[in-house]
Amino acid sequence: MTESAVQSEPLHHRILATVKQMWGFERLRPLQEEAIRAGLDHRDSLIVLPTGGGKSLCYQVPPLLANRLDVVISPLIALMKDQVDGLRQCGYPAQALHSGMHGDEARNAERDIARGAVRLAFVTPERIVTERFLRLLQDLKVRAFAIDEAHCISHWGHDFRPEYRQLVVLKERFPTASLHAYTATATPRVQQDIVDQLRLTKPAVLIGTFDRPNLIYRVVPRVDVYDQTLQVIRRHQGQAAIVYCISRRDTEDLASWLTDNCIRAAHYHAGMEPDDRRRTQDAFAEEKLDVIVATVAFGMGIDRSDVRCVLHAGMPKSLEHYQQETGRAGRDGLEAECVLFYSAADDQKWRMLIKKSAEAAADPEQVSLAANELLRHMKRYCNSPICRHKLLSEYFGQPYDRTLCGACDVCLEEAEIAPESTVIARKILSCVARVDQRFGVTHVVDVLLGGNTDMIRRWQHDKLSTYGLLKELDRKNLTNLVYQLIDQNLLERTADEHPILRLNAASWEVLRGRQEVKLLQPRTKAVRKTRVEAESWEGVDAGLFESLRGLRRELAEKQHVPAFIIFGDATLRELARVRPSTLDVFARVHGVGQRKLADYGTCFVEHIAAYCTQQGLTTNQSPNTAARSAPEPQVPRPRPLTAARRAAFALFADGASIEKVMTTLGRARSTTTRYLVEYIQRERPPSVAPWVDSATYHVVQHAAQRLGTTPLRPIFDALDGQVPFDTIRLVTRHLETVSTGPLQTPSPAHARQ
Ligand code: ADP
Ligand code: ZN
């Protein structure tokens, strides 16, 4: 196609073609095209897309299409480096300029920019406002700036950075340039602040959907955080996971417990030496670590897109935090699990902390009011039986109209109610009454368990009728149940330094048998696979997927880049599903752009071919269309191969007879013949000579040309019942594979030999 022909194509197609060529993506995500158009039209814009929504692509495409240099302002050097590395892997000319570069490096980068060899320059806010740099950009006539993490400009955001305030100079110095602000924070107040601070004029405001359908949310009563964490992490063996704890101490303890249990884990918090932190982050990015156990300090600089699990060992203090932290799961669009271990004890802990920090603030009342309000919503998320997707969406101001999300514990009905909940509640409450409402949780639990402590002896509480009344429960479980009663306002806990348990009006309703109680117990059932998980693994050979991850790791290590930069998990899964044996088929896989095809095509195709031969796997399958959002022309999807089928296919590929396969696998003739038919349909062998002699083949072929390949009965009859049905089936299915489908009418053209 000539240059001018490309230019005259509608913009939509040009954008798509570029995205396919550079990144190997088939289609755009919601609002990407609108955002790209704003960039091309030099219209100011504010783009709010959730984490993983694909913001970067929106500012990467316009300068490429318009052949110009755009500037991206980004707050973190680590984030910037990863982005530039990632872009270069795709063959995209990008440069970063930051204080971490030494003299030569920075000079070279500037020279590249000055000679017009760069489409995107990434700069920190401190750097861009230096006079020298502003002048360079003016000389280069830069006309578009993207401001990443734009919420950092607002006091109301959760991550205010004073240096962002200086960006106001952009509109003064570049009056004809457009500014494009990007953020994942949604509150209307922060949005308005961004528009005001940057002086955006009539901006296009694009706000994405906050729901992340690929995330599976679960809230589980916290009983034994160590065992429970281990259980969840084991569900994600060998995959990337982040565990968030409230305190630094907890991160260290939990990480070493996981390590003791053969999990590749490490802790991360702001109290560590910067070098140690960097090393831990790098190890995680290079896939040398699977699990990071961290405080909220971990996140901003981490760009690994294949995090399959985000676990909260304790409740965060706001849904904003929760959304942001869980947002780090499944950024590649594949399924990921977000589990929160909840105990009302967390609520108490946060309230204490809020009280303390409010005391130190200039406006204590206002501070604690706002913080407690955020906490209230967080707690509501934890203990209301409302679809988690719905609650989160609505909290961020968006309606959610699906009745069952299929991807949260509420909709999956996973919560288990403790049998005899009301009886247990009554026993707990009457124990509180028996100790005269003068003791805390620990003592009440001790009495109910029939313990032998100093306190019990001193107060003679072993004489009480409630002593040992719940001794069949274990301590952790019982403690959690007491907290659940507090949470449901069926029991009070005073807010002073030595909190004690008190009964309220609702407690008496329960004690008098006028109110039923529902208490949750930790799940005993194994967690079922959700629809989201089942779909994204459909047809994928898990062994090949793991093997490709290994190959990716090797390549990444050689080039000193994070593994996910080579290919994301979504692409590896698709490769393990399609199993391309040629570069042509490889090129069509999601996430393979031209540059990566050239760099890695041969290496991956050879690896896949070797694996498939060894395992007897079929190659060049149709891609998975169901797992992606937009409808595509439906290609019948092959069923995933069972082990038996795989074995049978391998034998057939060696030309083994039906009898041989029957005895080797111990399967009946009918089953074996069915496998052979499937083998022919999937593998399209050039000939079926090992199973049908050529004379019979020709007879059936002639009949099929006259009568069509379905149904089989007319062929059987035409051959006077001389050829068995099974043989007719083998020949006709083979004829279909050498043509394009069933032969409906006699047509010699299909009878290729
Ligand atoms: P954000 O900055 O909004 O959190 P990113 O820009 O990092 O998100 O994109 C998240 C992931 O989605 C990246 O792996 C990116 O390559 C991928 N991605 C972006 N746009 C598309 C698209 N149109 N199709 C497929 N994948 C995409
Ligand atoms: Zn739900």
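Throughout, residue positions are numbered sequentially from 1 according to the sequence presented. Quick caveat, the model's predicted, so the values are computed rather than measured. Note that ligands are numbered from 1 as they come in the structure, with each ligand's atoms numbered from 1 the same way.
By the 3.5 Å distance cut-off applied to N or O atoms, Gly54 is counted among the residues near ligand 1. The shortest N or O to N or O distance between Gln32 and ligand 1 is below 3.5 Å. Distances between N or O atoms of His590 and those of ligand 1 include no value under 3.5 Å. Polar contact check, Lys55 against ligand 1: a nitrogen or oxygen pair lies under 3.5 Å apart.
Trp23 and Phe25 have parallel rings, their planes meeting at less than 30° on a 0 to 90° scale where 60° marks the start of perpendicular. Ring-plane geometry between Tyr322 and Tyr217 is classed as tilted, the angle between the planes lying from 30 to 60 degrees on a 0 to 90 degree scale. Ring geometry, Tyr182 versus Tyr59: the interplanar angle exceeds 60°, so the pair is classed perpendicular (tilted spans 30 to 60°).
For Leu57, the heavy-atom gap to ligand 1 drops under 4.0 angstrom. Assignment of Leu49 to the shell around ligand 1 is not supported, since no heavy atom sits closer than 4.0 Å. Using a non-hydrogen distance threshold of 4.0 Å, Ala184 does not register as a contact of ligand 1. For Gly568, the closest heavy-atom approach to ligand 1 does not fall below 4.0 Å. At least one heavy atom of Arg27 lies less than 4.0 angstrom from ligand 1.
Angle subtended at the Zn ion (ligand 2) by Cys408 SG and Cys405 SG: 110°, rounded to 10 degrees.
Near Ser56, meaning under 4.0 Å from any of its heavy atoms, are these atoms of ligand 1: 2 (O), 5 (P), 6 (O), 7 (O). The ligand atoms of ligand 1 that sit less than 4.0 angstrom from a heavy atom of Pro50 are 3 (O).
Under a 4.0 Å N-O distance rule, the pair Asp148/Lys55 does not qualify as a salt bridge.
The nearest non-hydrogen atom to atom 27 (C) of ligand 1, considering only Phe25, Tyr182, Phe564, Tyr59, comes from Phe25. When Glu26, Arg29, Arg331 are checked for heavy-atom proximity to atom 17 (C) of ligand 1, Arg29 turns out nearest.
You'll find the side chain of Gln559 reaches within 4.5 Å of the side chain of Ile566, heavy atoms only. Two residues are said to be in side-chain contact when any heavy atoms from C-beta on lie closer than 4.5 Å; His12 and Glu33 meet this criterion.
Not a single N/O/S atom of His389, whether from backbone or side chain, sits less than 2.8 Å from the Zn ion (ligand 2).
For the residue pair His590 / Glu26, no side-chain donor-acceptor distance below 3.5 Å is found, with atom types taken as modelled.
Proximity of the aromatic rings of Phe341 and His312 is defined here by a centroid distance below 6.0 angstrom, and this criterion is not met.
The distance from atom CD1 of Ile292 to atom OH of Tyr268, rounded to the nearest 0.5 Å, is 8.5 Å.
Residue Arg235 is tested with Glu533, Glu337, Glu335 for a salt bridge (charged side-chain N to carboxylate O under 4.0 Å, His left out); the sole match is Glu337.
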